[in-house]
Amino acid sequence: MTVRVAVNGYGVIGKRVADAVRAMPDMELVGVADVATDWRIRTAVGHGIPVYAATAEAETGMRALGVAAGGLEELLKQVDAVVDTTPKGVAAANLRRYRALGVKAVLQGGEDHPETGHSFVAQANYATAVGRDATRVVSCNTTSIVRILGALRDAGLLVRARGVLIRRATDPWESHLGGVMNTVVPERSIPSHQGPDARTVLPDLDVVTIAAKAAHTQTHNHYWTVQLSREAGREEVLDALESAPRIALIRMADGLVALNTTVELMKDLGRPRGDMWEVAVWEDVLAVEGREAYLTYQVYNEAIVVPESIDAIRALTGIAVSASESIAATDAALGMRKRFLPARERGNTR
Ligand SMILES: NC(=O)c1ccc[n+]([C@@H]2O[C@H](COP(=O)([O-])OP(=O)(O)OC[C@H]3O[C@@H](n4cnc5c(N)ncnc54)[C@H](O)[C@@H]3O)[C@@H](O)[C@H]2O)c1
């Protein structure tokens with residue numbers, strides 16, 4: 001069975017989800033919708049992707065420029081599922097339209113949990129999304145938190161975790177418009193929203209996050225202190241992380257010493273747009289002392305929610321009933337890795 005998919009909002013996340021849908025053997029991208037007429041949406045036209053106008057106001061201009069083939073309603077009538085990647089707050093209003101037309105809807109982390117009543121990270125709660133009419137893929141930071149803490153929890157190692165998040169200022173494509181320069185801006189309240197948001201997926205997590213915005217544009221960097229349930233060695237903690245999906249181990253010893261080096265590595269690996277869908281944990285930085293583990297990792301915010309969005313389509317439409325089946329299909333089609341460099345002897349790696 002092939003699921004017919006629309007993407008509404010062809011921006012940072014939407015264009016990546018659209019490409020990922022096109023890479024899946026069990027999905028067909030019927031079209032994308034947007035309100036823009038500039039280079040961003042005309043790139044989609046150039047890729048041969050049918051483009052639709054997302055609003056009545058946008059339709060006149062988009063039709064006049066020959067960009068749009070029709071309106072959103074026409075697109076929605078042809079699909080089983082829509083991934084709504086519009087700016088924060090727009091999708092909540094769209095949800096009524098999707099529901100009225102019986103189209104399964106995947107929202108993103110800019111929307112609030114109550115809009116769909118379900119928040120999604122594939123490895124944590126795929127099963128509870130199966131057959132629902134809608135879900136929300138949580139934000140980039142929250143997705144990483146659920147992957148990492150979920151892996152430690154599943155290994156029986158996690159009691160509680162406290163994390164500091166250094167966030168990118170703005171996305172590269174719009175960095176001429178704003179962002180912070182030569183400073184760091186702490187969030188105004190503690191906890192920052194990501195910790196509580198992780199509990200929309202894993203309600204029993206004992207987690208607190210503190211966040212700040214820094215003066216770079218690519219990727220977030222997290223620092224965690226994790227209280228373990230018992231004394232465990234580094235190997236055990238690393239094994240728990242390595243055996244979970246979508247977590248890759250990287251090493252300072254390989255020259256991957258800062259966020260920019262990993263960004264460059266993704267380009268050299270030939271990743272589309274230089275994307276990293278995995279959470280990259282620094283293996284040779286991770287330390288354990290008694291019942292505490294300390295770690296740092298990198299989150300490629302523009303890409304991490306893409307595989308989750310693909311899995312959410314499979315869960316809602318029921319074309320894969322288990323998380324492992326869907327994750328395996330997504331990861332194989334995208335080319336997800338556990339290690340980015342040829343392996344060394346294990347004895348030399350940690
Ligand atoms: N950028 C990130 O790093 C990131 C990471 C994870 C999740 N998210 C979430 O993904 C969602 C999309 O964010 P983004 O960064 O891709 O935004 P974006 O601004 O890059 O893209 C949004 C796109 O939607 C279009 N649009 C605007 N109004 C519209 C409307 N009414 N109907 C249809 N299209 C419309 C815009 O023209 C643009 O192309 C948000 O919920 C955001 O919180 C973003």
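As the structure lists them, so they are numbered: ligands from 1, and atoms in each ligand from 1.
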Quick one: name the residues clustered hydrophobically with Met181, using the 4.5 Å side-chain heavy-atom rule over I, L, V, M, F, W, Y, and just say none if it's on its own. none
Please identify which of these residues, Val35, Asp34, Thr85, meets the side chain to side chain contact (heavy atoms under 4.5 Å, CB included) condition with Tyr10. Asp34
Return the minimal non-hydrogen interatomic distance between Asn301 and Gln218, and the atom names on each side. OD1-C, 4.4 Å
Partner of Glu302 under salt bridge (charged side-chain N to carboxylate O under 4.0 Å, His left out), picked from Arg16, Arg271, Arg273, is Arg16
Any idea which atoms of ligand 1 are less than 4.0 Å away from a heavy-atom of Pro87? 22 (C), 24 (O), 26 (N), 27 (C), 28 (N)
Under 3.5 Å, is there a donor-acceptor pair linking the side chains of His113 and Asp197? no
Against heavy atoms of Ala54, which atoms of ligand 1 measure under 4.0 Å? 32 (N), 33 (C)
Arg42 CZ: over 12 foreign heavy atoms closer than 6.0 Å: no
At less than 4.0 angstrom from any non-hydrogen atom of Arg168, what atoms of ligand 1 do you find? 1 (N), 2 (C), 3 (O)
Under 3.5 Å, N or O to N or O, is Val12 touching ligand 1 that way? yes
Any link between Trp277 and Val21 through a network of hydrophobic side chains (Ile, Leu, Val, Met, Phe, Trp, Tyr) touching at under 4.5 Å? yes
Can you tell me which portion of Val90 lies within the under-4.0 Å heavy-atom range of ligand 1? Options are side chain, backbone, both, or neither. side chain
Inter- and intrachain pairs under salt bridge (Lys or Arg N to Asp or Glu O under 4.0 Å), touching residues 103-127, at least two apart: none
With a heavy-atom distance limit of 4.0 Å, tell me whether Asn8 approaches ligand 1 through its side chain, its backbone, both, or neither. side chain
Students should be able to answer this: which protein heavy-atom is nearest to atom 21 (O) of ligand 1, and at what distance? Gly11 CA, 3.2 Å
Test of understanding: given a 4.0 Å heavy-atom threshold, classify the contact between Cys140 and ligand 1 as side chain, backbone, both, or neither. both
Interfacing atoms of ligand 1 (cut-off 4.0 Å, heavy-atom, Gln108): 9 (C), 10 (O), 11 (C), 41 (O)
Are the side chain of Glu308 and the backbone of Ala122 linked by a donor-acceptor contact shorter than 3.5 Å? yes
How close does the nearest protein non-hydrogen atom get to atom 42 (C) of ligand 1, and which residue and atom is it? Gly110 N, 4.0 Å
Just heavy atoms, cut-off under 4.0 Å: does Asp171 contact ligand 1 by side chain, backbone, both, or neither? side chain
Got the closest protein heavy atom to atom 4 (C) of ligand 1, with its distance? Ile13 CD1, 3.6 Å
Verify the cluster assignment for Ile148 and Tyr223: are they in a single hydrophobic cluster under the rule of side-chain heavy atoms below 4.5 Å apart? no
Trp173: numbered ligand 1 atoms lying under 4.0 Å from its heavy atoms: 20 (O)
Which residue supplies the protein heavy atom nearest to atom 40 (C) of ligand 1, what is that atom called, and how far is it? Thr86 O, 3.7 Å
Nearest protein heavy atom to atom 22 (C) of ligand 1, by residue and atom, and its distance? Thr85 O, 3.6 Å
Closest non-hydrogen atom pair, Thr209 against Gly195: OG1-N, 2.9 Å
Atom 17 (O) of ligand 1 protein-contacted (non-hydrogen atom, under 4.0 angstrom): no
Run the contact test for Lys15 against ligand 1 with a 4.0 Å cut-off on heavy atoms, strictly below, and give the result. no
What residue and heavy atom of the protein are closest to atom 38 (C) of ligand 1, and at what distance? Asp34 OD2, 3.6 Å
